[in-house]
Amino acid sequence: MDLRQKIITRNNISIHGSGETTLLLAHGFGCDQNMWRFMLPALIPHYKVVLFDYVGSGNSQLSYYNQERYSSLQGYAQDVLEICEALNLSDVIFVGHSVSSMIGIIASIKQPAYFKRLVMVCPSPCFLNIKPDYFGGFEKVDLEELLGLMDKNYIGWANYLSPLVMGGSQSDELIGELSGSFCSTDPLIAKSFAEATFFSDYRYLLKDAKHPVIIFQSARDALASVDIGNYMQQQLPEAKLCIIDAEGHCLHMTQPEIVNQHLREYIGD
Amino acid sequence: MATKYQFDCVENVTPDLFQSGFLITDENRCIIYANSYFSDEFNLLTEELLGTSSDGLFTHSSRIFCESYLMPLLVHEGNCEEMQLALIDGDGDRVSIIVSARMDRKKRIYWSFFNASKRDQLYNELIETRKELEAQTKVLQSLSSTDELTGLTNRREFNLRAPQLIKQAKRYGYSFALFIIDIDHFKNINDTFGHLEGDRVLKELGSQLKSFGRETDLVARFGGEEFILLLPNINIEDAKFQALRLHSLISRIQVNQIPVTVSIGGMLSDGSQNLRDTTSKADDALYRAKNSGRNKTVFY
């Protein structure tokens, strides 16, 4: 089996559309490529869209899971780079949800030629509050408790985790529909991904970003506040911040039309 | 609005008599009923709870857990069982609780709460024990796969890992090199300068080999004064170059101010032969290197 086929199978890659511009859509923690399905129909007519699952998520090949490699976001960034290499991609527009935004930064600094721009949906470079002036939203004890809850409810949650935090007052219809995105994952792998996600601090990388970035931040998001968006815009060398008047941490699922519209304008200009 | 439910069959019995918390929220998750367990057990006054959102009961992380797990489960399945969360009691302390809940068609949620402080203590002890066991396993694994003197992979571990590398070479169509390294006149070193000096040479050779290898190379002490290297994805020119590098690196080790030399048997393979056959051919080559003057590499 050649490298291309190996990576396609390993990361469950699917390619849609055939436009000149390539979008690489990277899912966040606790889900898989299915989370892009609300945005996908409007993107396919214009772009080549590449979807994948990180090793350990969705329908990736679990046999490739390696505790050491995936104990930090670098391991996930390596997945992204290997996908670019295997598919011979260059000048990709990388769209990452939540933690994948930072995975995209890590990957794009390591191998700039693969990328053209980065699109971040509800990103956070660090979820911890770091005194005196960074407010990631969580005290260490909160995050430890969150991981503890994952451990203590492990029999159920990894099979029934909806894409982290959709916003408390979403309609039940939407919650019902989104709940089709429940991601059944191995709880130990999911917990390890959670640790890599929630305890990392990649703020120091922002200033080294090599590509223009657009940030979509939700006006009311329990995981990544507008302040975090502002912080990132200040730190990144070239960034646009787009606050969307909506609730929750999954704009690409709850507001796909608005995100698509801004995305197309951004790519077009 | 708060309602006192009368239980039809037994007089003067209300939910307040139960040693568990009952809570009802409306379609906006606004609390419309709470029994006295909340004030008795958690020091949360019922009249202050009514009209507020049930979200306000929970800790930050429990709210996130509710939104990403409990609520979708309720919407999807209609009920959830035995979920462990934490609430903030009337004194501002975190209390572990077990929650079961059911949602009706009008989106009212009927919650039951149980104090789970003792159970949580047990959980935490179990989690700590698991962590300790995992750490111990790691140490034991490393001990059982490492050669004590040199810190290199031992023969047992090499025999476990090498076949996988050979299979990969065959599968992806690249060749690999296998080197067996034997220290020249090692017995003389031991006899003349003592075993401690012999051990020092072995240790130094071990650390030279550690710095020599790429991340993907497999380097092991094979036994006595023999070392074995498997270098994946390499052609014959590079393999010869690497052999020269080995001689040069190892000659930095000196005994009585004379550089240590080694003989190397090399075998380049495409993975079509198993580990035993490949090793045996490298061993043949080593034998020829020894018999033709030592301090050289011979390829099979």
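The chains referred to below are lettered A, B, ... by the order of the sequence lines, with proteins before strands, and numbering in each begins at 1.
The two residues Glu145(A) and Ser62(B) have their closest heavy-atom pair at OE2-OG, 3.7 Å. Looking at every heavy atom in both residues, Leu149(A) comes nearest to Phe65(B) through O-CZ, 3.7 Å.
The environment of CD in Glu47(B) is crowded: more than 12 heavy-atom neighbours from other residues, nucleotides or ligands sit within 6.0 Å. Shown here is Lys167(B), whose NZ atom has no more than 12 heavy atoms of other residues, nucleotides or ligands within 6.0 Å. Environment of CD in Glu144(A): crowded, with over 12 heavy atoms of neighbouring residues, nucleotides or ligands closer than 6.0 Å.
Summarising the geometry, atom CD belonging to Glu134(B) is positioned 8.0 Å from atom CD belonging to Gln67(A); distances are rounded to the nearest 0.5 Å. Distance check: Lys152(A) NZ to Asn124(B) CG gives 4.0 Å after rounding to the nearest 0.5 Å. Atom CD of Glu139(A) is separated from atom OG1 of Thr59(B) by 13.0 Å, given to the nearest 0.5 angstrom. Rounded to the nearest 0.5 Å, atoms OG (Ser61(B)) and CE (Met150(A)) are 9.5 Å apart. With rounding to the nearest 0.5 Å, the separation of CD1 in Ile64(B) from CZ in Phe138(A) is 3.0 Å. With rounding to the nearest 0.5 Å, the separation of CG in Asn153(A) from CG in Leu70(B) is 9.5 Å.
Within the 4.5 Å cutoff, the side chain of His60(B) has no heavy atoms near those of the Leu146(A) side chain.
Only the side chain of Arg130(B) comes within less than 4.5 Å of a heavy atom of chain A; its backbone N, CA, C and O stay farther away. For chain A, the nearby part of Glu82(B) is the backbone; its heavy atoms alone come within less than 4.5 Å.
Between Asp142(A) and Arg94(B), at least one side-chain nitrogen of the basic residue sits less than 4.0 Å from a carboxylate oxygen of the acidic one, meeting the salt-bridge criterion.
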